[in-house]
Amino acid sequence: MAYIGFVKSPYGPSRTFDAILDELKKRGFTIGFSKHHWAGDLPFGLVIAETDRGPVAIRWSLGREFSIKLEKVDKDTYDEFVEDTIEYTNADSG
């Protein structure tokens with residue numbers, strides 16, 4: 001099973017990345033690999049993680065408080081979510 005998610009964060013890209021990974025761990029995910037995409041001039045990005053429960057992709061944007069929503073999806077929905085987000089941002093890896 002794959003997961004997609006949405007995060008609101010008051011932090012910059014680096015701290016948001018750490019906060020997302022910490023939240024996944026709190027929710028019982030064991031992370032084997034993670035990657036962060038963002039565009040420096042846009043207030044959002046994409047975190048991708050390979051976990052023991054399947055791949056996770058989380059789109060984040062700026063907000064007043066940190067919040068996260070996760071949902072289980074099929075592999076095609078996951079792939080489309082990742083591709084659309086990267087294409088939209090034309091993001092750089094971090």
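Positions are given from 1 along the sequence.
- The side-chain heavy atoms of Asp52 and Ile31, taken from C-beta on, include no pair separated by under 4.5 Å.
- Taken from OH in Tyr11 to OG1 in Thr16, the straight-line distance is 8.0 Å, to the nearest 0.5 Å.
- Counting only heavy atoms from C-beta outward, the side chains of Ser34 and Glu50 never approach each other to under 4.5 Å.
- Taking both residues in full, the closest heavy atoms of Pro10 and Phe66 are given as CD-N, 3.6 Å, listed atom of the first, atom of the second, then distance.
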### Message
Run the side-chain contact (heavy atoms from CB on, under 4.5 Å) test on Val82 and Ile48 for me, step by step, so that the C-alpha distance in whole Å, both residues' side-chain angles and the decisive distance to 0.1 Å come before the verdict.
### Response
CA-CA 8 Å; Val82 170; Ile48 298 171; 3.9 Å; yes
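- In this structure, the ring of Phe6 has its center less than 6.0 angstrom from the ring center of Phe81.
- Note that the NZ atom of Lys72 and the OG1 atom of Thr77 stand 14.5 Å from one another [nearest 0.5 Å].
- The structure places CZ of Phe17 at 10.5 Å from CG of Leu46, a figure rounded to the nearest 0.5 Å.
- At least one side-chain heavy atom of Glu71 sits under 4.5 Å from a side-chain heavy atom of Ile4.
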### Task
Could you walk me through whether Leu24 and Val47 pass side-chain contact (heavy atoms from CB on, under 4.5 Å), step by step?
CA-CA 11 Å; Leu24 288 174; Val47 172; 5.8 Å; no
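- Trp60 places a side-chain heavy atom less than 4.5 Å from the side chain of Ile20.
- Between Ser61 and Lys8 the shortest side-chain heavy-atom distance falls below 4.5 Å.
- Side-chain contact between Tyr3 and Phe29 is present, with heavy atoms from C-beta onward closer than 4.5 Å.
- Thr85 pairs with exactly one of Arg59, His37, Glu80 by the side-chain contact (heavy atoms from CB on, under 4.5 Å) rule, that one being Arg59.
- Within the model, atoms OG of Ser9 and CZ of Arg15 stand 8.0 Å from one another, a figure rounded to the nearest 0.5 Å.
- Across all their heavy atoms, Val7 and Ile68 have their closest contact at CG2-CG1, 3.5 Å.
- A salt bridge is defined here as a Lys NZ or Arg NE, NH1 or NH2 lying under 4.0 Å from an Asp or Glu carboxylate O, and Lys75 with Asp79 meets this definition.
- Here CG of Leu21 is found 12.0 Å from NZ of Lys26. Values are rounded to the nearest 0.5 Å.
- With a 6.0 Å radius and a threshold of 12 heavy atoms from other residues, nucleotides or ligands, Arg27 has its CZ atom above the threshold.
- A pairwise comparison of heavy atoms in His36 and Pro13 identifies CE1-O, 3.0 Å as the closest pair.
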